[in-house]
Each structure stands twice: as structure tokens, then as C-alpha cells.
Amino acid sequence: MNLHEYQSKARFAEFGIPTPKGKTATTPQEAYEAAREIGGAVVVKSQVLVGGRGKAGGIKLAKNPEEAEEHANSILGMTIKGLTVRKVLIDPAANIKTEIYLGITNDRAAGQPVMMASSEGGIEIEQVAREKPEAIVRERIDPFLGLRDYQARNLANGINLPREHWRAFSKIAASLYKCYQESDAVLAEINPLVITAENQLLALDGKMSIDDNALYRHPDLAEMRDVEAEPKEVTQARAAGLSYVKLNGQIGCMVNGAGLAMTTMDMTKLYGGDEIGPANFLDIGGGAKADKVAAALRIILADPNVKSVLFNIFGGITRGDEVARGILQALDEVKPNVPMVIRLVGTNAEEGRRIIDSANVPNLYSAATLTEAAKRAVELAKGAF
Ligand code: GDP
Ligand code: MN
């Protein structure tokens, strides 16, 4: 789950990282009031979950409250990379001398967090990594030791930070690591971390991504989720307890088990290619009952790209007959108008297949192997019955 800039910076501030003391607004009038209370020049910043807002015109400086209101008026409602702006952050404007980058994420290959710093701040780090990789310095962190002081100094030295800022920089690096760890984050990023004309270090932008699987330990963070900013299928899937990721293909896949779901995606892609391949990843989990199957089917069919549906069920804890009844009940409720293939194996598979076959559902075909099922789903998506 990604946090908005204003949420990330509020979290950073709780851990002692210096941030501008701003306010959010959802109307131009509120933006005016916020700017008046803050006093002086402000910056009006769109709150959408994408980078590069500056370049897209979603960040504007305002000399006074009237200007802040005008900017808020143009920024609220604008679309940035497909997302509508519903909120702006009004921050006191900073006088920027230098922009640097400081971030932390998981280095999966190393199995450790890695902290990264760069003198090329303000630009997306992915771009720096492509164009000027030598400008990024890294320190891997042993989770049992935490970030050591010498590592923070290595980073400061690696980006040629003037000595006078090392102490403040080290403190921010330590706080960012603590914030990252205690929030169960997979990413915490300050870009830019600026040196102001007054020679202070200040986190002007913030980005945090929290591990979804750890959210149960952080009700305060879970509450920050911006449901309006995500596709409604994702919200529905979460509510139904399903793991769902939308993809761009035409075959809706309903599978029990994450590994089996990955294999199903591979197989549909193998036979259908990029265009026809999987329309989604969807794991209904073990022991799914009819209501869950129905919810999953509704989510799959809400995608207009879906031209066929593939059920790939391996009966283990989930019994084949139970799933078969669930699917029939769901089909009764949802009534899809696209062809479907079902591959059912494992515990009580034969009984499950018998149940499916005797129901005589039009446009529902059964397959004995995954290869056969995937090929069939591709043919059906192409319109060849
Ligand atoms: P992003 O483009 O979505 O990453 O948004 P940022 O918050 O990083 O802002 C983009 C750029 O706007 C920064 O790199 C700064 O150059 C500029 N900016 C942001 N806040 C201020 C500010 O308070 N004063 C000034 N002068 N520039 C700012
Ligand atoms: Mn930024």
C-alpha cells in the first residue's frame, strides 16, 4: 500500500525527520485558508500516488493566499498519469540550495534492506539509475545491527555532502531507517532532501510503501489507504479476501493457490501470447466457498477485456465438489456471457466434474490437464468454439 506525500511526511515527522509544516486542502477556498495560516510563499502540491508531479504541472509556487487559491483551482481535478487530483498539500515554500536523494528499500537478492543516497536529487531515482548509476551510493543494512553511524557517514561522503551537514544527515538517515522498519515498509524515500538557503536539511517530498501483509499490525497506517485512488475491483477483492492483480490479457483466471495461479498465468501466456494471455492474477485461497467464488467471478467479469474464463482448481484442503457447487451457485448469480473452461483435479475431483457436467451449463467446458485447459481458453477467447 502506497502512502500519499502528506501521509509519508507526517510519518517521517513522527520519527524526527525535519519536514515543512503544511496542511491539506480539497477545495480552492481551503487552500486559501491554509496559505493564509501558514503565511508567506507556499507551494501547492497535488496529492496523487505517482512520481513526476512537478513535470506534469501538479506542483506550483504561490506568493500569497490568492495565488494559492488560483493554483489549487487549476490543480484540483486535473489528471496526472491517469489519476484525478482530489487533494492538495499546501507547504511553506522552501529556498532550495541543493537537492539530494535518500531512500531505503529491500534488496531482495541480498535479503537485507539497502539505503541509497544520491547527489542527483529531485529526479526520479529510476532515471538516475539508468543514466548515471555511479551517482547512487548504497549501504546494505544488517537487520540485527541496524544502520550504523559509519554507514550514514559513508553515504554522506559518497555524495560529497559538505561536512557541516553530516551530523544532521546521519540523524535523518537513522530516523528514516527506524521509520522504515517500524512501519513494516518496503520503501521509504525522501526525494528531494534539500539543503535550504538557511543551511538546514529538510525533507520536501516523501514516499512510503507499506507491506500489505503487515498492515494488520498497523491499524493507523491501514486507515490511511486511499480507496478512491485504486480501481474498484481491487477494493472489492480485498473486501472479499481475494488476492487480485489486474493484467492486460483476455483470459480471466480463477485459481486456488498463489503458485498455481502463477503457473496458470504462464500457461495462458505461453499459448495466448501478450495479447490474449492472462487478464488477471487471482488467488481465491484454500477452502473458498460459493460466496467467495461468486465475488471472484464478478470481479473477473467486470473487466471488459475478458473474453474467456479459466477455472484452475486443485482440490487439497478445498474439496472439488465444494468448489464445483460454488462455481454453479456463482454462475447462477452472475450469469457470464463469455465461454469458460474448468480444470478440476485433486480431492473429490471426479465428484466435482460430475456435478459440473450434470448441470449442463452452456459455454462451460471441462478439461483434464492444464495444457488442454489453457489451449482451450485461448481458442475460446479468439472466438473459435
Ligand atoms: P515529484 O515531482 O512528484 O517528485 O514532486 P516533488 O515534491 O519532489 O517536487 C518536485 C520539485 O518541485 C522538487 O524537486 C523541487 O525542485 C520543487 N519544489 C517542491 N517543493 C518546493 C518548494 O517548497 N520550493 C521550491 N522552490 N521548489 C519546490
Ligand atoms: Mn519527488
Side-chain angles (χ1 to χ4, degrees), residues 2-13 17-25 31 34-65 67-68 70-72 74-76 78-105 116-132 135-136 159 172 176 179-180 185 187-209 226 229:
N2 295 325
L3 299 187
H4 280 296
E5 177 195 0
Y6 75 96
Q7 296 167 328
S8 305
K9 289 202 300 199
R11 189 83 178 165
F12 290 168
I17 297 172
T19 55
K21 302 280 164 283
K23 293 173 195 301
T24 57
R36 202 176 51 82
E37 279 171 44
I38 290 166
V42 295
V43 52
V44 182
K45 311 184 77 175
S46 52
Q47 297 300 290
V48 279
L49 295 169
V50 288
R53 295 164 302 159
K55 265 194 209 144
I59 295 178
K60 294 223 164 78
L61 281 163
K63 288 192 288 295
N64 50 47
E67 246 183 62
E70 266 171 49
H71 289 325
S74 65
I75 291 175
L76 286 164
M78 79 185 274
T79 326
I80 301 178
K81 296 181 184 170
L83 298 173
T84 307
V85 182
R86 293 195 177 81
K87 204 175 250 176
V88 289
L89 172 65
I90 313 294
D91 262 355
N95 295 315
I96 302 174
K97 213 164 68 177
T98 311
E99 301 192 41
I100 55 192
Y101 172 95
L102 183 66
I104 176 165
T105 186
M116 293 167 291
S118 172
S119 53
E120 308 291 302
I123 310 163
E124 283 185 60
I125 196 68
E126 292 82 0
Q127 192 186 334
V128 181
R130 269 197 311 276
E131 292 166 9
K132 212 179 162 191
I136 303 176
I159 61 169
I172 290 172
L176 189 65
C179 178
Y180 169 86
L187 175 78
E189 188 180 80
I190 309 174
N191 188 23
L193 172 65
V194 302
I195 305 173
T196 65
E198 301 78 28
N199 261 335
Q200 301 291 317
L201 287 185
L202 190 62
L204 275 208
D205 189 12
K207 185 170 166 186
M208 283 187 85
S209 187
D226 185 353

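Numbering of ligands and ligand atoms starts at 1, following listing order.
- Checking atom 25 (C) of ligand 1 against the protein gives a heavy-atom contact under 4.0 Å.
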For Lys132 and Glu120, run side-chain contact (heavy atoms from CB on, under 4.5 Å): C-alpha distance rounded to whole Å, both residues' side-chain angles, the deciding distance at 0.1 Å, then the answer. CA-CA 9 Å; Lys132 212 179 162 191; Glu120 308 291 302; 3.2 Å; yes
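- The distance from the CG atom of Leu193 to the CG atom of Leu202 is 8.0 Å, given to the nearest 0.5 Å.
- For the Mn ion (ligand 2), the nearby protein N/O/S atoms, meaning those under 2.8 Å, are Asn191 O, Asp205 OD2.
- Among the atoms of Ala94, some N or O lies under 3.5 angstrom from an N or O of ligand 1.
- Looking only at distances, no side-chain donor or acceptor of Gln127 sits under 3.5 Å from a matching main-chain atom of Glu124.
- Ligand 1 has a nitrogen or oxygen under 3.5 angstrom from a nitrogen or oxygen of Arg53.
- Residue contacts with ligand 1 for Glu99 involve side-chain atoms from C-beta outward but no N, CA, C or O (heavy atoms, distance under 4.0 Å).
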Under the side-chain contact (heavy atoms from CB on, under 4.5 Å) criterion, do Lys207 and Asn191 qualify, and how do the steps go? CA-CA 8 Å; Lys207 185 170 166 186; Asn191 188 23; over 6 Å; no
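- Residue Ala93 has at least one heavy-atom neighbour below 4.0 Å for each of these atoms of ligand 1: 23 (O).
- The pair Asp91-Lys9 meets the salt-bridge criterion, since a charged nitrogen lies less than 4.0 angstrom from a carboxylate oxygen.
- In the displayed structure, Lys63 atom NZ is contacted under 6.0 Å by at most 12 heavy atoms of other residues, nucleotides or ligands.
- At the shortest separation from atom 27 (N) of ligand 1 among protein heavy atoms lies Ile96 CD1, 3.3 Å.
- By the definition of a contact as any protein heavy atom under 4.0 Å away, atom 11 (C) of ligand 1 is not in contact.
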Verdict with supporting geometry, Asn95 and Thr196, side-chain hydrogen bond (donor to acceptor under 3.5 Å, both in side chains): CA-CA 5 Å; Asn95 295 315; Thr196 65; over 6 Å; no
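- Every atom of ligand 1 with a heavy atom of Gly122 under 4.0 Å away is listed here by number and element: 14 (O).
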Would you check, one step at a time, whether the test side-chain contact (heavy atoms from CB on, under 4.5 Å) holds for Val128 with Glu126? CA-CA 5 Å; Val128 181; Glu126 292 82 0; over 6 Å; no
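- Taking a 4.0 Å cut-off on heavy atoms, Asp91 fails to register as neighbouring ligand 1.
- Under 4.0 Å is where a charged nitrogen must lie from a carboxylate oxygen, and between Asp226 and Arg86 no such pair does.
- What sits closest to atom 9 (O) of ligand 1 on the protein, heavy atoms only, is Ile59 CD1, 3.2 Å.
- Contact of the Glu5 side chain with the Lys45 side chain is registered, since non-hydrogen atoms from C-beta on lie closer than 4.5 Å.
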One pair to check against side-chain contact (heavy atoms from CB on, under 4.5 Å): Thr105 and Met116. What are the steps and the verdict? CA-CA 8 Å; Thr105 186; Met116 293 167 291; 3.8 Å; yes
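- For Gly54, a nitrogen or oxygen atom sits less than 3.5 Å from a nitrogen or oxygen atom of ligand 1, counting backbone and side chain alike.
- Considering only non-hydrogen protein atoms, atom 7 (O) of ligand 1 sits nearest to Lys45 NZ, 2.6 Å.
- Ranking protein heavy atoms by distance to atom 21 (C) of ligand 1, first place goes to Leu204 CD1, 3.5 Å.
- When side chains are defined from C-beta on, Met78 does not count as touching Leu76, because their heavy atoms never get closer than 4.5 Å.
- Using a 4.5 Å cut-off on side-chain heavy atoms (C-beta onward), Met208 and Phe12 make contact.
- Side-chain atoms of Leu201 and Ile195, non-hydrogen and from C-beta on, do get closer than 4.5 Å to each other.
- Between Lys55 and ligand 1, no N or O atom pair is found at a separation short of 3.5 Å.
- Counting the atoms of ligand 1 from 1 in the order shown, those under 4.0 Å from a heavy atom of Asp205 are 1 (P), 4 (O), 5 (O), 6 (P), 7 (O), 8 (O).
- Of the heavy atoms in Asn191, only backbone atoms (N, CA, C, O) come closer than 4.0 Å to ligand 1.
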